[in-house]
Amino acid sequence: IEELLEMDVLIQMNSGALLHRSSHRRALTMVKNGITQVMGTDSHNMDARCPNMEEGLKVLRKAHLGHQADEIIDNNAAIYQAAMWD
């Protein structure tokens, strides 16, 4: 990840990383330290793997990382908008 950051690329995390006990602490640290700039959901369907973006954002806000959550939302929106115009 450090090599990628030196290349000035965006690092995406799935919101599930914030929700699972095994990855929660590391995921929060990555967001807090500015390693993660974009968040996805890894959603494949509405039954087994439904979207959980809102839950991930709530975890960030509860951990006093609201500013980072806002930046992630802005980055996600910018990427989406750029994709729509290409």
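This chain uses plain numbering: 1 for the first residue, then up along the sequence.
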Chemist: Hey, mind stepping through Gln37 and Leu5 against side-chain contact (heavy atoms from CB on, under 4.5 Å) and telling me if it holds?
Modeler: CA-CA 11 Å; Gln37 302 88 18; Leu5 289 170; 3.8 Å; yes
Chemist: Please report the shortest heavy-atom distance between Ile11 and Ile35, naming the atom on each side.
Modeler: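 What the structure gives for the nearest pair is CB-O, 3.1 Å.
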Chemist: Measuring from Thr41:OG1 to Glu55:CD, what's the distance to the nearest 0.5 Å?
Modeler: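 The distance works out to 10.0 Å.
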Chemist: Measure across Asn76 and Met39 and return the closest heavy-atom pair with its distance rounded to 0.1 Å.
Modeler: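 Heavy-atom minimum between the residues: ND2-O, 2.7 Å.
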Chemist: Atom CD1 in Ile79, atom CD in Gln12: separation rounded to 0.5 Å?
Modeler: 7.5 Å
Chemist: Please report the shortest heavy-atom distance between Lys32 and Gln68, naming the atom on each side.
Modeler: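 Taking every non-hydrogen atom into account, O-NE2, 4.0 Å.
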Chemist: Indicate, with yes or no, if Val38 and Leu65 share a hydrophobic cluster defined by side-chain heavy-atom contacts under 4.5 Å among Ile, Leu, Val, Met, Phe, Trp and Tyr.
Modeler: no
Chemist: Val9 and Met13: same hydrophobic cluster, using ILVMFWY side-chain contacts below 4.5 Å?
Modeler: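 Yes: a chain of side-chain contacts under 4.5 Å links Val9 to Met13.
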Chemist: Taking only distance into account, with no hydrogens and no angle test, what donor-acceptor pairs under 3.5 Å do side-chain atoms of residues 16-28 form with protein atoms, sequence neighbours excluded?
Modeler:
unit_1 : atom_1 : unit_2 : atom_2 : d
His20  : ND1    : Gly16  : O      : 2.7
Ser23  : OG     : Ala17  : O      : 2.8
His24  : ND1    : Leu18  : O      : 2.7

Chemist: For Asn14, is there any backbone N or O sitting under 3.5 Å from a side-chain donor or acceptor partner on Asp42?
Modeler: no
Chemist: Looking only at non-hydrogen atoms, find the nearest pair between Arg61 and Asp70 and report the distance.
Modeler: NH2-OD1, 3.0 Å
